[in-house]
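Just below is one structure, and these are the notes that go with it.
What you see is a predicted model; the values in this text were computed from it and never measured. Labels below follow one simple rule: chain letters A, B, ... track the order of the sequence lines, proteins then strands, and each chain is numbered from 1.
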There are 2 protein chains.
Amino acid sequence: MIDRESPVPIYYQIEEYIKQLIETEALNPGDAIPSEREFTEQFKVSRMTVRQAITNLVNEGYLFRQKGKGTYVSNQKIEQTLQGLTGFTEDMKKRGLKPGSKILDFKLAPAELSVAKQLYINEHDPVYEIKRIRLADDLPMALEMSYLPANLIKGLTEEIVNNSLYEYIEDNLQLKIDYATQVIESSLSHEDEAKLLQIPKNAPILLIQRQTFLDNGQPFELVKSKYRGDRYKFVVDMKRV
Amino acid sequence: MIDRESPVPIYYQIEEYIKQLIETEALNPGDAIPSEREFTEQFKVSRMTVRQAITNLVNEGYLFRQKGKGTYVSNQKIEQTLQGLTGFTEDMKKRGLKPGSKILDFKLAPAELSVAKQLYINEHDPVYEIKRIRLADDLPMALEMSYLPANLIKGLTEEIVNNSLYEYIEDNLQLKIDYATQVIESSLSHEDEAKLLQIPKNAPILLIQRQTFLDNGQPFELVKSKYRGDRYKFVVDMKRV
DNA sequence: GAATTATAGATGTCTAGACAACATAATATT
DNA sequence: AATATTATGTTGTCTAGACATCTATAATTC
């Protein structure tokens with residue numbers, strides 16, 4: 001198990017060993033790992049070496065200690081769960097679903113007042129309006145209305161929208177996407193939406209409205225989504241300040 | 001400088017000492033701190049103790065090491081937090097509403113399996129179960145079921161719960177609340193919930209399940225909430241990574 | 001039976017070394 | 001003068017213990 005001839009430090013070998021126990025589900029979240037003394041006997045190493053391995057895994061969020069009791073497996077790696085801002089495509093991939101999309105409408109139109117306000121532009125300024133059905137594993141997941149100010153996001157096409165909009169904005173337009181504010185509420189499906197989402201009328205839907213900003217504080221995207229309540233749960237991690 | 005009679009660990013005293021050097025700008029970003037051997041002589045402690053202090057500061061982002069050269073002051077403490085994790089009371093205040101609460105049930109009971117799993121405790125371990133109606137401007141806003149492991153959150157009373165639970169945990173129990181994972185979904189009100197929330201049956205509700213963690217990765221709270229869909233919107237900010 | 005007191009086992013802190021690996025500067029060799 | 005070598009100082013890894021503190025359980029006492 002431990003190779004003393006290896007240039008890989010012993011504490012690191014022990015780290016890998018424990019991580020593998022977690023990944024193979026030999027150890028599950030909440031389970032106690034063997035005590036430090038047990039590891040010293042198992043691997044014939046000093047306790048400080050074992051502690052170095054365990055301390056690293058504690059710092060990485062794999063384990064947590066309880067004085068006088070033992071050391072336990074955490075739920076997930078923290079960094080991994082502190083999820084970033086992503087689009088629909090990345091979101092679905094993370095959930096292990098195949099993302100898809102069907103554009104219902106793509107046009108350049110003058111902005112309505114409510115949309116203009118949220119994009120920090122004037123009423124009747126040109127905005128791209130994109131209406132889509134979002135699919136996951138080929139089944140409807142959400143209805144989506146996107147609004148993008150044409151003076152800022154230039155040269156948009158259906159092609160780009162269907163591939164990766166965020167990559168286009170960051171790579172081609174050289175703009176830096178920074179953060180988004182999302183408002184989430186519960187609602188019921190109307191008849192026409194129900195039909196498109198293939199759910200009954202008056203079924204629960206998750207209404208998500210997102211305003212996405214560049215690093216200069218300017219909004220470049222407004223997305224109004226209606227997710228099927230039976231298929232979608234919104235997951236968010238928050239940090240105490 | 002180092003007080004050996006103090007119950008405060010020596011490594012922690014050294015940490016504070018180094019942090020103070022940085023804060024008073026006796027040490028600036030890029031500067032090398034004294035070598036580990038110099039510290040052992042200055043404080044008359046073993047090198048492992050010095051290393052424990054420095055390792056902690058490296059993990060917290062204050063310092064970085066260079067093998068064979070030395071240890072240096074970092075540019076800045078990394079990891080700025082995005083948004084505050086708060087309880088119901090703070091949340092309502094931010095929205096300009098008067099928070100209120102009515103406890104329907106407060107008891108110490110053996111944990112059910114599903115709850116135990118999410119709190120990383122064993123089935124039948126004691127948990128505080130608190131059922132509340134949450135009010136905003138004296139009107140029902142949400143139904144809330146809270147579960148807290150009694151072996152960790154000790155001495156809980158209705159009084160504490162009604163005032164500020166988080167303050168009690170951080171100030172009295174000296175535990176550090178770190179982050180929470182929340183799962184949000186859309187649902188419909190059942191008959192009994194509808195009555196308590198004073199809304200019609202089958203009205204939209206926002207179902208929020210929150211798992212709150214300490215800084216060691218251990219969960220200390222599980223909250224299942226049902227918010228009135230007509231009164232509550234969940235707002236979250238996300239940062240692009 | 002209930003409360004109190006040991007006891008065993010876990011993590012927390014600390015010691016006084018040892019040798020390895022790496023970086024740099026001083027010294028010796030070519 | 002350029003190149004090797006050596007010396008020195010740094011962090012990296014590791015040992016074999018010690019005692020403290022906390023938890024949970026077993027044993028004892030009331």
Measure the distance from [atom1] on [X] to [atom2] on [N] and round it to the nearest whole Å.
X	N	atom1	atom2	value
B:Asn56	C:dC14	CG	P	11 Å
B:Gln218	D:dT23	CD	P	11 Å
B:Glu41	D:dT10	CD	C1'	13 Å
A:Phe39	C:dA10	CZ	P	12 Å
A:Tyr72	C:dT11	OH	C1'	11 Å
A:Glu15	D:dT13	CD	C1'	13 Å
A:Ile14	D:dC14	CD1	P	8 Å
A:Gln66	C:dG12	CD	P	10 Å

Check your understanding: Between A:Ile10 and B:Glu38, who's closer to the 5' end of DNA chain D by nearest nucleotide?
Key ->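 Closest to the 5' end, via its nearest nucleotide, is B:Glu38.
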
Practice item. Take A:Arg47 and A:Pro9, find for each the nucleotide of DNA chain D with the closest heavy atom, and name the residue whose nucleotide sits nearer the 5' end. Key: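 Result of the comparison: A:Pro9.
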
Where the side chain of [X] is defined as all heavy atoms beyond and including C-beta, which of [options] is the nearest nucleotide?
X	options	value
A:Ser46	C:dA21, C:dT24, D:dA16	D:dA16
B:Met48	D:dT10, C:dT13, C:dG17	C:dG17
A:Ser35	C:dT24, C:dT11, D:dG12	C:dT11

N/O (side chain, [X]) to phosphate O (OP1/OP2, [N]) under 4.0 Å:
X	N	result
B:Lys67	D:dT10	no
A:Arg51	C:dG12	yes
B:Thr71	D:dT10	no
B:Thr49	C:dT15	yes
B:Arg65	D:dG12	yes
A:Gln52	D:dT13	yes

**Study point:** Test item: side-chain donor near acceptor, A:Asp91 and A:Tyr232, under 3.5 Å
**Key:**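 A:Tyr232 and A:Asp91 do have a side-chain donor-acceptor pair below 3.5 Å.
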
Review point. Would B:Glu16 and B:Tyr12 count as having a side-chain donor-acceptor pair, cut-off 3.5 Å?
Key: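 B:Glu16 vs B:Tyr12: donor-acceptor pair found between side chains.
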
Check your understanding: Only one of B:Lys233, B:Arg228, B:Arg231 forms a salt bridge (Lys or Arg N to Asp or Glu O under 4.0 Å) with A:Glu185, so which one is it?
Key ->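 Among the candidates, only B:Lys233 passes.
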
Check your understanding: With no hydrogens and no angle check, is any side-chain donor or acceptor of B:Thr55 less than 3.5 Å from a backbone partner on B:Gln52?
Key ->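 Such a contact is absent between B:Thr55 side chain and B:Gln52 backbone.
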
Review point. Quick check: does any side chain N or O of B:Asn56 sit under 3.5 Å from a backbone N or O of B:Ala53, one acting as donor and the other as acceptor?
Key: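 Pair absent, no side-chain N/O of B:Asn56 close to backbone of B:Ala53.
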
